[in-house]
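The block underneath contains the structure these notes are about, expressed in structure tokens.
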Amino acid sequence: HLQITADGTVDIDATIITLDSAGDINLDAGGNDINFKSGGTQIASISNNSSNLHIVSEISDKDLLLRGNDGGSFITALTLDMSAAGAATFNDKITAANLDAVDIDGDTDMAGALQVTGGATFDNGTSSLKIRYESGGTYIQLGTDEYLRFINDNGSTEVLRLVDGGDINIAAGDLVF
């Protein structure tokens, strides 16, 4: 059963509809929107907005997933979490020819901390860059006043300081090579 109404609505009584063409299939929407619905509820849309392509998950807090076939198994390569302002979760590593991290947590001077798998933290405080393994532990600190220090004992003891100009300050104790 196929019915086409005056407003252009096509009503087909079928469980599966197949569009099969030996050539291309064109969707040309003069209103700039292609809407996807399920049971009458709009779940997604693809739109042209000032020649920018918008792919939209229309249901509140529902994610956008990019899926593919990896060696015979379907995987989710990328999830955009709409309940978390679009936070991106990649299934595996991100590879880039040139990657500039210029803004972490909305702070262009990168004063926040960047967590690295395995517990390492790169913490750019107000006057130094700290590379720390787990919170409160040993760390290396590069200061803006041109020094490099090694701290241990839960961050309370300076063990070694290298100062611009070649000076080396060693805390009390043994120096072992």
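The figures here come from the full heavy-atom set of this structure, side chains too, leaving out hydrogens, waters and symmetry mates.
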Minimum heavy-atom distance M82-D63, with the two atoms named: N-OD1, 3.2 Å
Hydrophobic cluster identity match, I46 and L64, side-chain contacts under 4.5 Å: yes
Gap between atom CG of L53 and atom CG of N48 - 0.5 Å precision: 8.0 Å
hydrophobic_cluster_shared for L66 and F90, side chain cutoff 4.5 Å: yes
Shared hydrophobic cluster, I55 / L65 (ILVMFWY, side-chain heavy atoms < 4.5 Å): no
Side chain proximity check, I43 to I59, heavy atoms < 4.5 angstrom: yes
Connected via hydrophobic side-chain network under 4.5 Å: F74 and L80: no
Counting only pairs under 3.5 Å, give me each side-chain donor-acceptor contact of residues 22-37, with atom names and distances, residues two or more places apart or in other chains.
from: D33; atom 1: OD1; to: S47; atom 2: OG; distance (Å): 2.7
from: N35; atom 1: OD1; to: Q42; atom 2: NE2; distance (Å): 3.0

Main-chain N/O of K62 paired to S57 side chain as donor or acceptor, under 3.5 Å: yes
Pair T5, D7: side-chain N/O donor-acceptor within cut-off below 3.5 Å: yes
Check: D81 side chain, G86 main-chain N or O, donor-acceptor pair, under 3.5 Å: no
